[in-house]
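Values below: all heavy atoms of this structure, side chains included; hydrogens, waters and symmetry mates excluded. What you see is a predicted model; the values in this text were computed from it and never measured.
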Amino acid sequence: MNLPALFLLAAGAATSIEGMHAAPGVPSLVQSGVPEIPAELRQRTDQYLNARQAALVDVTDSGDALLVATRFASTNQLHLVEAPLGMRTQLTFADEPVTQARFQPGDQQILWYLQDKGGGEFFQILRLDRRVGRAEMVTDGKSRHGSLTLSRDGSRLAFSGTQRNGKDTDVYLADTASPKKARRLTEAEGTWAPVEFSPDGTRLLVLHERSIQDADLYSMELSSAKLTQLTHKEGKASVEAARWTADGKGVYLVTDRWSDFNQLYRLELDGKRTPLSADLGWDVEELATTEDGSRLAFSVNQDGASRLYVVDRQGQRQPVVLPANAVIGRMAFPRKRTDLLALSLQTATQPLDAYEVDLRVGTKLTRWTRSETGGLDPAGFVDARLVRYPAGGGAGQMPAFLYEPHNPRGKLPVVIVWHGGPEGQSRPTFSPVVQLLAAELGIAVLLPNVRGSIGYGKAYLAADDGVKREQALTDIGATLDFIGKQPGLDASRVGVYGGSYGGYMTLATVAFHGKRVRAAVDVVGISNLATFLEHTQAYRRDLRRAEYGDERDPAVRAVQEKISPLLSVNRIEAELFVQQGYNDPRVPRTEAEQIVKAVRSRGKDVWYLVGMNEGHGFQKKENRDYSIAALALFFEEKLLKPAQVN
């Protein structure tokens, strides 16, 4: 039996959606109701979708080479770059994407990395010996793993895993010489993960996370697995980042415990704390330290854009000049250097690339990779503009980023893009989809940061928790009202698009705002909050209940059902396109299937696309290219052509 037939057989066995058939030319996709995509449109979209990025993953001990993740085939793989703008030497060649990776300290010929399979997010740890070009899996091949970290001498490896019961996440420790003989250090309920080995290798920072807003940091003695809590036992607070001080007598901690924002502190083991960023008034997001303690670097999320600072041993803080509205990704000092800082950054019109900051000559920024933009001239891309408008119910001002096409002819149709999370944030980053809509199709794009978004303080973040989500959903109407008041935007031609929680927001928009929206694309979205919580993977359920409320409580469930789009499906007037990963562990495919069937039962057409080898979103290039081309066709037909009158 060939591959398309196998996928169709699996789809037919697992879903009652009628009319599913293989997508033309992409056997890993099956679809129903999606029309043929014109070749000319595929050619136009392909250029945007061939834009690449290069994300910093690690830096060698000496800083003379960077490890980056980039894509030259179907998925992101690891590449080595040994000089500024030098050749990218590919190191991994798997069909599945590679995520986190680290050089082994003292031996950069050894790489440790995490790799997914089929989008199920049951990441496995592999060890690559570059001398022989062979990679070996060192975990069990079926549990979920993460939080990979190595001791400074390279002798030990720590990671998190769900081997014990598939629900709780424990901390594991192994010698790098015999990584398959890992020892479990924690056996407790919830999510526990290693953060960093102490400088002498005898202790481990361990994080216990109940939600993004509620976490505790511990120090663990590795000889006995004894845990000592470092953060306060009373109250809830975040732990955004943590690093040992060079002497091992304290930690640099990023938390919102003593502020509305995530701030940076030096926290001594006796409890004494010293604030290091309180005057900046925004979230600290990324943190890097040198091994000798002479410098630390941190970035601040200021209204969506990054600001970078370097602090020396005397506590003097120096800003690093970045491109306007840049957004920083990972940062790392080389293990044996204090004068170089590796990082990756992007802007709304420039893909993510890797850089080094040379601290010997001020703060000189040197570019190490230059990612291609599919042959398109970046000068034609549309930049993001920060706007604000009243939130729903008089709850203050809400920030958003607006992309307005160049040289508009009359009022512009608009696509609202809801971010995921819900603890996410729309920022001025490079998005091929946004540029395709704005620069190519001439559609304005609005990315709101509704209540519940990160980046604007813990009060704003918690404003949609549990039953408060019902009130927070009034931000949808406020966003539509903002569009209606803009002279250059056409409130009669509004589309919505979002993935994961953004998919829920997309469905909520069309379910609760009827004819104000013409078209909607829901990607791996939640259609019923209660059934989502019942069927999401066990290791995520308690974390999500902290955000959405416990569906087992009748009063909470009543609110969840009231604001679930599936239970208001009769109010949906917009055209709908649903995209789903078959192996999604977060939002199971039943959430997509039940909304598709419910809308079709009313006699309305729905486009439905399933990635049979995908999980929470489309990661493989061939699948993503087709899904975005179909999205472009959908919005082109529904927003750019005259509305059909029934």
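- Between Trp368 and Ala83, the closest heavy-atom pair is CZ3-N, 3.4 Å.
- Between Val521 and Gln579, the closest heavy-atom pair is CG1-NE2, 4.3 Å.
- Judged by distance alone, the side chains of Ser74 and Glu622 do bring a donor and an acceptor atom under 3.5 Å apart.
- In this model, no donor atom of one side chain and acceptor atom of the other lie less than 3.5 Å apart for Thr506 and Asp522.
- Among residue pairs with one or both ends in residues 29-39, none qualify as salt bridge (charged side-chain N to carboxylate O under 4.0 Å, His left out); sequence neighbours excluded.
- Side-chain contact annotation: Ser500 with Arg586, donor-acceptor N/O pair under 3.5 Å absent.
- Closest approach of Ala632 to Thr45, counting heavy atoms only: CB-CG2, 3.9 Å.
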Item to complete: Start with the C-alpha distance between Arg330 and Asp58, add both sets of side-chain angles, then the distance that settles salt bridge (Lys or Arg N to Asp or Glu O under 4.0 Å), and finish with yes or no.
Response: CA-CA 9 Å; Arg330 174 170 161 73; Asp58 203 1; 3.8 Å; yes

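- At distances below 3.5 Å, at least one donor-acceptor pair connects side-chain atoms of Gln77 with backbone N or O atoms of Glu96.
- Within the 3.5 Å criterion, the main-chain N or O of Ala65 finds no donor-acceptor partner in the side chain of Glu82.
- There is no side-chain donor-acceptor pair under 3.5 Å between Thr369 and Arg52.
- Looking at Glu286, its side chain never comes within 3.5 Å of a backbone N or O of Ala241 through a donor-acceptor pair.
- In the model, Ser371 has a side-chain atom that pairs as donor or acceptor with a side-chain atom of Asp353 under 3.5 Å.
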After noting the C-alpha distance and the side-chain angles of Leu128 and Ile110, does the key distance pass the side chain to side chain contact (heavy atoms under 4.5 Å, CB included) rule? CA-CA 6 Å; Leu128 170 65; Ile110 301 295; over 6 Å; no

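- Under the 6.0 Å cut-off for aromatic ring centres, Phe430 and Phe381 qualify, their centroids lying closer than that.
- Glu636 has its side chain within reach of Leu41: a pair of non-hydrogen atoms, C-beta onward, lies under 4.5 Å apart.
- Here the side chains of Pro323 and Leu345 are in contact, with some heavy-atom distance below 4.5 Å.
- The closest donor-acceptor contact from the side chain of Arg600 to the backbone of Val606 lies under 3.5 Å.
- Between Tyr501 and Tyr548, the two ring planes are tilted [angle within 30° to 60°].
- Side-chain atoms of Ser143 never come within 3.5 Å of backbone atoms of Gly161 as a donor-acceptor pair (strictly under, hydrogens ignored).
- Under a 3.5 Å cut-off, the side chain of Thr349 and the backbone N or O of Asp383 do not form any donor-acceptor pair.
- When Phe635, Phe634, Tyr497 are each tested for a ring pair (Phe, Tyr, Trp, His ring centres under 6.0 Å) with Phe577, only one passes: Phe634.
- Separation of the Tyr172 and His145 ring centroids does not fall under the 6.0 Å cut-off.
- Looking at Asn76, its side chain never comes within 3.5 Å of a backbone N or O of Val98 through a donor-acceptor pair.
- Judged purely by distance below 3.5 Å, without hydrogens or angles, the side chains of Thr590 and His535 never pair a donor atom with an acceptor atom.
- Using modelled atom types, no side-chain atom of Asn325 and backbone atom of Ala305 make a donor-acceptor pair closer than 3.5 Å.
- The heavy-atom pair separating Leu447 from Tyr403 by the smallest distance is CD1-CE1, 3.8 Å.
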_As a quick check of understanding, evaluate side chain to side chain contact (heavy atoms under 4.5 Å, CB included) for Val30 and Met612, giving each step before the final call._
CA-CA 7 Å; Val30 294; Met612 298 302 296; 3.8 Å; yes

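- For the residue pair Asp140/Gln163, the side-chain donor-acceptor check at 3.5 Å is not satisfied.
- Side-chain atoms of Asn301 and Gln425 form a donor-acceptor pair, as typed in the model, at a separation below 3.5 Å.
- Summarising the geometry of Thr509 relative to Val496, their closest heavy-atom pair is CG2-CG1, 3.8 Å, with the distance given to 0.1 Å.
- The backbone N or O of Gln53 lies less than 3.5 Å from a partner atom in the side chain of Thr70, making a donor-acceptor pair.
- In this structure the side chain of Arg127 never reaches within 4.5 angstrom of the side chain of Ile125, judged on heavy atoms.
- At a cut-off of 3.5 Å, with distance as the only test, a side-chain donor of Thr531 or Gln594 sits close to an acceptor on the other residue.
- Arg589 places a side-chain N or O within donor-acceptor distance of the main-chain N or O of Tyr582, the cut-off being under 3.5 Å.
- Under 3.5 Å, the side chains of Gln124 and Thr139 contain a donor-acceptor pair of N or O atoms.
- Minimum interatomic distance between Pro413 and Gly442 (heavy atoms only, all atoms of both residues): CD-O, 4.2 Å.
- Atom CZ of Arg131 sits in a crowded spot, with more than 12 heavy atoms from other residues, nucleotides or ligands closer than 6.0 Å.
- A donor and an acceptor atom, one from each side chain of Gln31 and Tyr626, are located under 3.5 Å apart.
- Annotation: side chain of Ser426 is not in contact with side chain of Val417 (no heavy-atom distance under 4.5 Å).
- Residues Gln47 and Leu436 are not in side-chain contact: their nearest non-hydrogen atoms beyond the backbone lie 4.5 Å or more apart.
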Next on the checklist: For Gln108 and Leu67: C-alpha separation, side-chain torsions, deciding distance, then whether side chain to side chain contact (heavy atoms under 4.5 Å, CB included) applies.
Outcome noted: CA-CA 10 Å; Gln108 66 188 45; Leu67 187 66; over 6 Å; no

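- You'll find the side chain of Val195 stays beyond 4.5 Å of the side chain of Thr149, heavy atoms only.
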